[in-house]
Amino acid sequence: ALPIYSRPVTIRLQQLALARSSVDRRAELRNDERSLRDLAASAEARLVAVRGTDLLTADDQLQLLPLSADLELAFLGQSADQSRSYFCNLSPIDLEGDWRGLRQIATTLDDEQAGLAVNAVALAQWHQTHNHCPRCGSPTRVVQAGWVRRCDADGSDHFQIGRAHV
């Protein structure tokens, strides 16, 4: 018999607390500035507040806030029934509250909030660490609803690729 550490282990994705999401990312809207403006202006638009790798929480859930006009935002997507739109901040945010990391809240979130939390942290971290062009070193700017950074100096686009932040 094989020792226990060399036997294959099967883990169902439902058991991985941060590998869940019911959010529709709505990638087709990322270049549609009018639709994004309308979604952000909606009373149902919500902010997933990110500070570093921490998220604003209340009672072990994400504290979803109304949008603030003075923040640079990224579009995270919509609820499965498209009744609510979600954004995260790309600019620094100074709010008092219970800020927690993904590991601290992973098992208390439902599928929608788990997906929002992972994507908000990944996207915000990417913007904080990739704000210059890897080709020429010039500053880049946010385009496509926060999922791309563009270098105006050489015309290149740099895409966010999903990575785990656990």
* **Ser91-Asn89 side chain donor-acceptor pair, cut-off 3.5 Å** => no

* Asked: With side chains defined as the heavy atoms from C-beta onward, is the minimum distance between Arg135 and Cys151 less than 4.5 Å?
  -> no

* Asked: If you measure from CG on Leu73 to SG on Cys88, what distance do you get to the nearest 0.5 Å?
  -> 7.5 Å

* Asked: Given the rule that I, L, V, M, F, W and Y join up when any side-chain heavy atoms are under 4.5 Å apart, are Leu67 and Leu29 in one cluster?
  -> yes

* Between the side chain of Arg46 and the main-chain N/O of Ala43, is any donor-acceptor distance below 3.5 Å? -> yes

* To do: State whether the side chain of Ser22 and the backbone N or O of Asp111 hold a donor-acceptor pair below 3.5 Å, judged by distance alone.
  => no

* What's the spacing between Arg51 CZ and Leu95 CG if we round to 0.5 Å? -> 8.0 Å

* Check: Asp154 side chain, Ser156 main-chain N or O, donor-acceptor pair, under 3.5 Å -> yes

* **Side-chain touch Leu62/Ile105, heavy atoms, less than 4.5 angstrom** => yes

* More than 12 heavy atoms of other residues, nucleotides or ligands under 6.0 Å from CZ of Arg34: is that the case? -> no

* Give, for atom CZ of Arg30 and atom CG of Leu36, the distance between the pair rounded to the nearest 0.5 Å. => 10.0 Å

* Asked: More than 12 non-hydrogen atoms from neighbouring residues, nucleotides or ligands closer than 6.0 Å to CG on Asp70, yes or no?
  -> yes

* Asked: Which atom pair, heavy atoms only, marks the closest approach of Gln63 to Ala58?
  -> OE1-CB, 3.9 Å

* Asked: Could you give the distance from CD (Glu44) to CD (Gln82), rounded to the nearest 0.5 Å?
  -> 13.5 Å

* **Carboxylate-amine/guanidinium proximity below 4.0 Å for Asp60 and Arg100** => yes

* Structure fact -> Taking every heavy atom of His158 against every heavy atom of Cys133, the minimum-distance pair comes out as NE2-SG, 3.5 Å

* If two hydrophobic side chains count as joined below 4.5 Å and joins carry through other members, does Leu90 share a cluster with Leu64? -> no

* Would you check if Ser42 and Ser85 make a side-chain contact, meaning some heavy-atom pair closer than 4.5 Å? => no

* Asked: How long is the gap from CD on Glu112 to CD on Gln61, to the nearest 0.5 Å?
  -> 11.0 Å

* Asked: How about Glu33: does its CD atom have over 12 heavy atoms from other parts shown lying under 6.0 Å from it?
  -> no

* Asked: Do side-chain atoms of Gln78 reach the backbone of Ser83 as a donor and acceptor pair under 3.5 angstrom?
  -> no

* Under a single-linkage definition using a 4.5 Å side-chain heavy-atom cutoff for Ile, Leu, Val, Met, Phe, Trp and Tyr, are Leu123 and Ile93 assigned to the same hydrophobic cluster? -> no

* **Where at least one partner belongs to residues 37-86, residue pairs that pass ring pair (Phe, Tyr, Trp, His ring centres under 6.0 Å), sequence neighbours excluded** => Phe75-Phe87

* Asked: Out of Asp54, Leu109, Thr53, Leu55, which residue meets the side chain to side chain contact (heavy atoms under 4.5 Å, CB included) rule with Leu102?
  -> Leu55

* Asked: If Ile, Leu, Val, Met, Phe, Trp and Tyr residues are connected whenever their side-chain heavy atoms lie under 4.5 Å apart, and connections chain through other members, are Leu56 and Val121 in the same group?
  -> no

* Asked: Is it true that Val48 and Trp99 fall in one hydrophobic cluster, defined by side-chain heavy atoms closer than 4.5 Å?
  -> no

* Asked: Can you list the steps and then say if Ser21 with Val118 is a side chain to side chain contact (heavy atoms under 4.5 Å, CB included)?
  -> CA-CA 9 Å; Ser21 182; Val118 169; over 6 Å; no

* Asked: Looking at His132 and Gly137, what are the two nearest heavy atoms and their distance?
  -> CD2-O, 3.1 Å

* Asked: Any Lys/Arg nitrogen of Glu28 or Arg26 sitting under 4.0 Å from an Asp/Glu carboxylate oxygen of the other?
  -> yes

* **Gap separating the CG atom of Leu76 from the CZ atom of Arg25, nearest 0.5 angstrom** => 9.0 Å

* Does a side-chain heavy-atom distance below 4.5 Å link Arg149 with Val142? -> yes

